[in-house]
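Report on the structure given below.
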Amino acid sequence: MMMMRQEEGSMILPWLLLFLLFASFSHGLLTSHTMLDRLSGSSSSSNYLTQKEFWFNQTLDHFSPFDHRQFQQRYYEFLDHFRLPDGPIFLKICGESSCNGITNDYISVLAKKFGAAVVSLEHRYYGKSSPFNSLKTENLRYLSSKQALFDLAVFRQYYQESLNSKSNRENVENPWFVFGVSYPGALSAWFRLKFPHLTCGSLASSAVVLAVYNYTEFDKQIGESAGAECKVALQETNKLVEQRLATDAKAVKTLFGAAELEIDGDFFYFLADAAAIAFQYGNPDKLCSPLVEAKKAGDDLVGAYAKYVKEYYLGSFGVNVQTYNQKHLKNTALSEDSADRLWWFQVCTEVAFFQVAPLNDSVRSTKVDTRYHLDLCKNVFGEGTYPDVAATNIYYGGTKIAGSKIVFTNGSQDPWRHASKQTSSTDMPSYTISCHNCGHGTDLRGCPQSPLNIEGNAQNCSSPDAVNKVRQQIVEHIDLWLSQCQDAARSAI
């Protein structure tokens, strides 16, 4: 039963939630400087298989026998290729941003091949699926991967029962398969781990299944992906920025279009992310070419980097500087930019991924350290807020996940791959797609990974064959595991 709103922090009525959010939510790109995946809010309607919204009532707290409050959760369905009535259902998991539809990536090719329906559930708290109209820390206690997994299980049952009702049948199970990229990739793997009876298998693309406290491997991978010349140029640029910041901080921050970042740590994180994004999403030459050329010509490296940051990172890629501003992160009002605060809460309570500078040979500024992250968590969410990484890895298993029928994939240039499962084990194959611009979610997105390639077109990957070979492996695993599900269902009749 939906609870009526009596005070600022209480549950929102469905109609009020819809009214507030319809007025305030755009379909723009939502970003955050530790947000794993920045693409699920992409804007053009042509990038989606569907943007028609559906809603159902979700339980607020799956782990309380006494709290029966509910909230409305948004989902989508795409049925153009669905082979009625017994075709497979592909559940594509949305993650740490507003879920504005089902993106038209490689999953549309897979749906057509297998005659599958595609459904997608928005992650609790993000987008229009917020249980509360205030995001004060107290109200975020139901925001966790554990609650999100149970959301997916409840939705899966709801949707199956709805499909059965429409088909005038009872106790029939379609074969389900779960997909996700990045944090949703981890959710995809964890869903198969925790609810193996509810899915025939999972694709865990760039899946960050290992919670990491000090994630120094992120920066090390940036240096490796950059190559020797670009890495040296980046390191020299950071040193020059630090020197100039010490004498005229306002002028330097203004040069990068980031004058509002009063905390130096926020500014250095912003600069580090601007570089990382080029490798994470398959656009390394946009960063490295101008920097290396400037260094060879003896030109101003800081100026060259500032030009890249303003024209690409803030420009065509679409990041908003305020996502790095702790004043913004402390804003508890529900808005189109709330994803920044929400993902930081998950960072500060569950997974960490503190992207700290390594002790030696760092690409990013050494000002981005553990203390910066812990101070941010305390400043934004209050005293005593820190990530229990050990508990997260105990619960899910980290890279020792004891699951089955999960395909793990990673791109060779992706700095997040070191938090994924990169070695195969029994019934859990792992593939790394190696190429110059193979980054985050290459198997589903093609190259580059931003902007979106329709149907995950891989022709612009430096090695399309590398992508296609892994995709063929994925198809074979899906085909096998769906068949095994169907065989088991028939034998149970």
Q | Full working for side-chain contact (heavy atoms from CB on, under 4.5 Å) between Val368 and Gln355 | A | CA-CA 8 Å; Val368 184; Gln355 293 162 45; 5.6 Å; no
Q: Might you work through the ring pair (Phe, Tyr, Trp, His ring centres under 6.0 Å) test for Phe354 and Tyr213, ending with a clear yes or no?
A: CA-CA 6 Å; Phe354 291 168; Tyr213 191 68; 5.3 Å; yes
Q. Can Glu96 and Tyr126 be said to form a side chain to side chain donor-acceptor pair (under 3.5 Å), step by step?
A. CA-CA 7 Å; Glu96 68 278 23; Tyr126 292 92; over 6 Å; no
Q.
Determine whether Lys146 and Glu350 satisfy the following criterion, side-chain contact (heavy atoms from CB on, under 4.5 Å), listing intermediate values before the conclusion.
A. CA-CA 10 Å; Lys146 299 178 184 68; Glu350 275 194 291; 3.9 Å; yes
Q | side chain to side chain donor-acceptor pair (under 3.5 Å) evaluation trace for Ser182 with His440 | A | CA-CA 7 Å; Ser182 194; His440 212 52; 2.7 Å; yes
Q: Take Ile277 and Tyr313 through the side-chain contact (heavy atoms from CB on, under 4.5 Å) test and state the conclusion after the steps.
A: CA-CA 8 Å; Ile277 217 71; Tyr313 194 50; 3.6 Å; yes
Q: Test side-chain contact (heavy atoms from CB on, under 4.5 Å) on Tyr431 and Gln473 and set out the steps.
A: CA-CA 9 Å; Tyr431 305 101; Gln473 294 291 329; 3.1 Å; yes
Q) Going through the distances and angles, do His418 and Gln221 end up as a side chain to side chain donor-acceptor pair (under 3.5 Å)? A) CA-CA 9 Å; His418 301 284; Gln221 182 63 54; 2.7 Å; yes
Q: For the pair Asp414 and Gln280, evaluate side chain to side chain donor-acceptor pair (under 3.5 Å) and give the outcome as yes or no after the intermediate values.
A: CA-CA 5 Å; Asp414 184 11; Gln280 183 169 329; 5.2 Å; no
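Judged purely by atom type and a 3.5 angstrom limit, Thr392 uses its side chain to pair as donor or acceptor with the backbone of Asp388. A donor-acceptor pair under 3.5 Å is absent between the side-chain atoms of Ser98 and the main chain of Asn100, judged by distance alone. Judged by distance alone, with hydrogens and angles left aside, the side-chain atoms of Asp266 form no donor-acceptor pair with the main-chain N or O of Leu261 at under 3.5 Å. Put simply, the side chain of Asn457 never gets that close to the backbone of Asn453: no donor and acceptor are under 3.5 Å apart. With hydrogens and angles disregarded, no donor-acceptor distance shorter than 3.5 Å links the side chain of Ser205 to the backbone of Val181. Checking side-chain atoms of Arg83 against main-chain N and O of Phe114 turns up a donor-acceptor pair under 3.5 Å. Checked by atom type and distance alone, the side chain of Ser188 pairs as donor or acceptor with a backbone atom of Leu203 at under 3.5 Å. In terms of modelled atom types and a separation under 3.5 Å, the side chain of Tyr76 and the main chain of Cys99 share a donor-acceptor contact. Listed for the Arg74 side chain is no donor-acceptor partner under 3.5 Å among the backbone atoms of Glu122. Judged purely by atom type and a 3.5 angstrom limit, Gln235 uses its side chain to pair as donor or acceptor with the backbone of Ser362.
Pairs passing the ring-ring contact (aromatic ring centres under 6.0 Å, His included) check and including a residue from residues 392-414, sequence neighbours excluded, read Trp190-Tyr396. For the ring-ring contact (aromatic ring centres under 6.0 Å, His included) condition, the pairs that include at least one residue of residues 193-212, sequence neighbours left out, are Phe150-Phe195, Phe191-Phe195.
Here Ser404 pairs with Arg192 under the side-chain hydrogen bond (donor to acceptor under 3.5 Å, both in side chains) rule; sequence neighbours left out. Applying the salt bridge (Lys or Arg N to Asp or Glu O under 4.0 Å) test to Glu229 and every residue at least two apart in sequence or in another chain returns Lys296. Every residue two or more places apart in sequence or in another chain that forms a salt bridge (Lys or Arg N to Asp or Glu O under 4.0 Å) with Asp105 is listed here: Lys92. Remark: Asp375 pairs with Arg371 by the side chain to side chain contact (heavy atoms under 4.5 Å, CB included) rule, at least two apart or across chains.
Taking the six-membered ring for Trp and the full ring otherwise, Phe267 and Tyr324 have centroids separated by 6.0 Å or more. Taking the six-membered ring for Trp, Phe90 and Phe179 have ring centres closer than 6.0 Å. Checked against the 6.0 Å centroid threshold, Trp343 and Tyr183 count as a close aromatic pair.
Under the 30°/60° scheme for interplanar angles, the aromatic rings of Phe317 and Tyr312 are found to be tilted.
Within a 6.0 Å radius of CG in Asn360, no more than 12 heavy atoms belonging to other residues, nucleotides or ligands are found. Lys307 NZ: 12 or fewer foreign heavy atoms inside a 6.0 Å radius. Heavy atoms from other residues, nucleotides or ligands lying under 6.0 Å from NZ of Lys194 number more than 12.
When the SG-SG distance for Cys461 and Cys447 is compared with the 2.5 Å cut-off, it comes out below that value.
The nearest pair of heavy atoms linking Val389 to Ala352 is CG2-CB, 3.6 Å. Nearest heavy-atom pair across Phe218 and Ala276 is CE2-CB, 3.6 Å. In plain terms, the two heavy atoms of Ala294 and Leu301 that are nearest each other are CB-CD2, 4.1 Å. When all heavy atoms are compared, the tightest approach of Trp344 to His373 is CH2-CD2, 4.0 Å. Of all heavy-atom pairs spanning Thr103 and Ile107, the tightest one is O-CG2, 4.1 Å. Between Asp300 and Arg244, the shortest heavy-atom distance links the atoms OD1-NH2, 2.9 Å.
The existence of a salt bridge linking Asp264 and Lys253 is confirmed by a sub-4.0 Å separation between a basic side-chain nitrogen and an acidic carboxylate oxygen. Salt bridge status for Lys128 with Glu53: present, with a side-chain N to carboxylate O gap under 4.0 Å. A salt bridge is absent between Lys405 and Asp427: the closest approach of a Lys/Arg side-chain nitrogen to an acidic carboxylate oxygen does not fall below 4.0 angstrom. Taking the charged nitrogens against the carboxylate oxygens, Glu242 and Lys367 have no contact shorter than 4.0 Å, which rules out a salt bridge.
A donor atom on one side chain and an acceptor atom on the other are not found under 3.5 Å apart for Glu455 and Asn104. Using modelled atom types, one finds no donor on one side chain facing an acceptor on the other under 3.5 Å when comparing Asn410 with Thr432.
Within the model, atoms CG of Asp361 and NZ of Lys220 stand 9.5 Å from one another, a figure rounded to the nearest 0.5 Å. Rounding to the nearest 0.5 angstrom, the gap separating the CG atom in Leu245 from the CG atom in Asn238 is 11.0 Å. Taking NE2 of His477 as the reference point, atom OG of Ser202 lies at 13.0 Å (rounded to 0.5 Å). A distance of 13.0 Å separates CD1 of Ile263 from CZ of Phe268, quoted to the nearest 0.5 Å. Atoms CG and CD1, on Leu110 and Ile474 in that order, are 7.5 Å from each other to the nearest 0.5 Å. The OG1 atom of Thr442 sits 7.5 Å away from the CG atom of Asn437 when rounded to the nearest 0.5 Å.
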